[in-house]
Undergrad: 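Below is a structure I'd like to ask you about.
Just follow the structure's listing: the first ligand is 1, and inside any ligand the first atom is 1. Starting from 1, each residue takes its place in the sequence as its number. This is a predicted model, so every value here is computed, not measured.
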Amino acid sequence: MYVLGIETSCDETGVAIYHSQQGLLAHALYSQTRLHADYGGVVPELASRDHIRKLTPLIRQVIIDAGLTSQQVGGIAYTAGPGLVGALLVGATVGRSLAWAWQIPAVAVHHMEGHLLAPMLEENPPEFPFIALLVSGGHTLLVEVARIGGYTILGESLDDAAGEAFDKTAKMLGLGYPGGPAVAKLAETGNPERFRFPRPMTNRPGLDFSFSGLKTFTLNTLNQNGRDEQTKADIARAFQDAVVDTLAIKCRRALQQSGLTRLVVAGGVSANKAIRTAVQNMVHKENATVYFPRLEFCTDNGAMIALAGCRRLLSGEHEPLEMTVHPRWPLDQITGQ
Ligand code: KG4
Ligand code: ZN
């Protein structure tokens, strides 16, 4: 079955064609980063309008790139939440309407399930069960994954998400939006010995996270040490090291507590090289294996939605003609096969 995947939950318009046996055949992504850069963050109304402009041409493009005609598409998967309501409605409306016109099933996909399954787009996909660390701009979740739709939340951020902490730190350091890649780049020239930031909630049991204190720590360190280029780089490095260590410690704890030996790390922040290296080193010591998506599928994309939707469509799932989106949608409230 050829599945068209549509992702419009935030500031990327992502579209893909995934085949149940052949895997990913085509994908296209349009990032709105430049549109929002002047505002220092995503402007929801601008995001919705831009999705409207870009979505249909991108759908046409991936169908051609996959060497198909629209008659061959057997199902449509669209992100139904969590995310910005207007942005979600664009993808859901277009997806549902095309499915109606083409007389094929449509399925609503949870955005974080998309991230969680993204490593399955790679050659050596993880088998169930596994632990997943999902680190994005809106979420930091540790999940025990028994099967598709079998999700137990082991821990989550009590305040800012990891990506949000990167974005806010970038703002304080005078770097652009999105902040994660900019902080990571600056951190490369930072001196790791100069500052040491706390590793929040690591010295007590539990798998929850808290990143908002790091913001205050960054601001105080900036105020006390000035804003010359080297100081900013040293702060970026200290901040990144603190996030990296914290995430690796919590992943190790989740593996040890669950007895599982497979770990998935996905979501925008999983593109961070320092995080990938630290987690690789940690799993090596734990005799476990880590699975990451390729870099372009760490951040939002249509391929992960097409894959998740394909699995759900094959199990017979599909939406009625009436459609809904869920701007807030806890991952453990969805069910599955
Ligand atoms: O998954 P994603 O594309 O969107 C959401 O679902 O939120 O994640 C975006 C987040 C942003 O906060 C961005 O700053 C962060 O991922 N990010 C990174 C890196 N690349 C993206 N954070 C740290 N290092 C990176 N290389
Ligand atoms: Zn995302």
Undergrad: What about the rings of F239 and F197, do their centers lie closer together than 6.0 Å?
TA: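 Aromatic pair excluded; centres sit 6.0 Å or further apart.
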
Undergrad: Tell me which protein heavy atom sits closest to atom 20 (N) of ligand 1, plus the residue, atom name and distance to 0.1 Å.
TA: G268 O, 3.4 Å

Undergrad: So, the side chain of D234 versus the backbone of N191: is there a donor-acceptor pair under 3.5 Å, distance only?
TA: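 Side chain of D234 to backbone of N191, a donor-acceptor pair under 3.5 Å: yes, one is there.
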
Undergrad: Testing the 3.5 Å rule here: is there a donor-acceptor pair between the side chains of D11 and Y177?
TA: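 Note: D11 and Y177 side chains meet the donor-acceptor criterion.
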
Undergrad: Using a cut-off of strictly less than 2.8 Å, determine whether H115 has an N/O/S atom near the Zn ion (ligand 2).
TA: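 Of the N, O and S atoms in H115, at least one lies under 2.8 Å from the Zn ion (ligand 2), which means yes.
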
Undergrad: Give a yes or no on whether H111 keeps an N, O or S atom under 2.8 Å from the Zn ion (ligand 2).
TA: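 Yes, within the cut-off.
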
Undergrad: Checking one value in my table: which N/O/S atom of D300 lies closest to the Zn ion (ligand 2)?
TA: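 The atom in question is OD1.
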
Undergrad: Starting from atom 15 (C) of ligand 1, locate the nearest protein heavy atom and write down its residue, its atom name and how far away it is, to 0.1 Å.
TA: V269 CG2, 3.9 Å

Undergrad: When you check the gap from the basic side-chain N to the acidic O, do K54 and D50 get nearer than 4.0 Å?
TA: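 Salt bridge between K54 and D50, a charged N being under 4.0 Å from a carboxylate O: yes.
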
Undergrad: Is the shortest heavy-atom distance from the side chain of D300 to the side chain of S9 under 4.5 Å?
TA: yes

Undergrad: Under 3.5 Å, N or O to N or O, is F166 touching ligand 1 that way?
TA: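 No.
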
Undergrad: Can you sort out which atoms of ligand 1 are near T299, meaning under 4.0 Å from one of its heavy atoms?
TA: 3 (O)

Undergrad: May I ask whether V135 and F166 are part of the same hydrophobic cluster, defined by side-chain heavy atoms of I, L, V, M, F, W, Y residues being less than 4.5 angstrom apart, directly or through others?
TA: yes

Undergrad: Classify the angle between the aromatic ring planes of F297 and H27 as parallel (below 30°), tilted (30 to 60°) or perpendicular (above 60°).
TA: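 Ring orientation, 0 to 90° scale: perpendicular.
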
Undergrad: If the cut-off is 4.0 Å to any non-hydrogen atom of H115, which atoms of ligand 1 fall inside it?
TA: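 Answer for ligand 1: 1 (O), 6 (O).
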
Undergrad: What part of H139 sits under 4.0 Å from ligand 1 if we count only heavy atoms: the side chain, the backbone, both or neither?
TA: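 No part of H139 is near ligand 1 at this cut-off.
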
Undergrad: Tell me whether ligand 1 is touched by C10 - counting only heavy atoms on the residue side and a distance under 4.0 Å.
TA: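 It does not, in that no heavy atom of C10 comes within the 4.0 Å cut-off of ligand 1.
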
Undergrad: Which protein non-hydrogen atom lies closest to atom 22 (N) of ligand 1, naming both residue and atom, and how far is it?
TA: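 Among all protein heavy atoms, the one nearest atom 22 (N) of ligand 1 is G180 CA, 3.3 Å.
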
Undergrad: Flag the pair K232 and E229 as a salt bridge only when some basic side-chain nitrogen lies within less than 4.0 angstrom of an acidic carboxylate oxygen.
TA: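 Yes, K232 and E229 are salt-bridged.
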
Undergrad: Before signing off on this row, confirm whether G163 and ligand 1 have an N or O atom pair separated by under 3.5 Å.
TA: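 Right, the criterion is met.
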
Undergrad: When you check the gap from the basic side-chain N to the acidic O, do E319 and R96 get nearer than 4.0 Å?
TA: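 Salt bridge flag = no for R96 with E319.
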
Undergrad: Evaluate H111 for polar contact with ligand 1, using N/O atom pairs at a separation under 3.5 Å.
TA: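 Yes, there is a polar N/O contact under 3.5 Å.
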
Undergrad: Could you tell me whether A184 and ligand 1 have an N or O pair separated by under 3.5 Å?
TA: no

Undergrad: Look at atom 10 (C) of ligand 1 and find which of A266, G137, A170, A271 reaches it with the closest heavy atom.
TA: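 The nearest heavy atom belongs to G137.
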
Undergrad: Measure the distance from atom 24 (N) of ligand 1 to every protein heavy atom, then report the residue, atom name and distance (to 0.1 Å) of the closest one.
TA: N272 ND2, 3.0 Å

Undergrad: Taking the six-membered ring for Trp, are F128 and F130 parallel (under 30°), tilted (30 to 60°) or perpendicular (over 60°)?
TA: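 Rings of F128 and F130: parallel, under 30°.
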
Undergrad: Heavy atoms only, cut-off 4.0 Å: how does K273 contact ligand 1, side chain, backbone, both, or neither?
TA: neither

Undergrad: Just distances here: any N/O of D167 and N/O of ligand 1 closer than 3.5 Å?
TA: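 Between D167 and ligand 1 (N or O atoms, distance only) the closest approach is under 3.5 Å.
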
Undergrad: Which ligand 1 atoms does G138 reach within 4.0 Å, using its non-hydrogen atoms?
TA: 7 (O)

Undergrad: Would you say L142 and V145 are hydrophobically clustered, going by side-chain heavy atoms of ILVMFWY under 4.5 Å?
TA: no

Undergrad: Above 12 or not: heavy atoms from other molecules or residues under 6.0 Å from CZ of R294?
TA: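 Atom CZ in R294 is packed in, count exceeds 12.
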
Undergrad: Nearest protein heavy atom to atom 2 (P) of ligand 1, by residue and atom, and its distance?
TA: D300 OD1, 3.3 Å

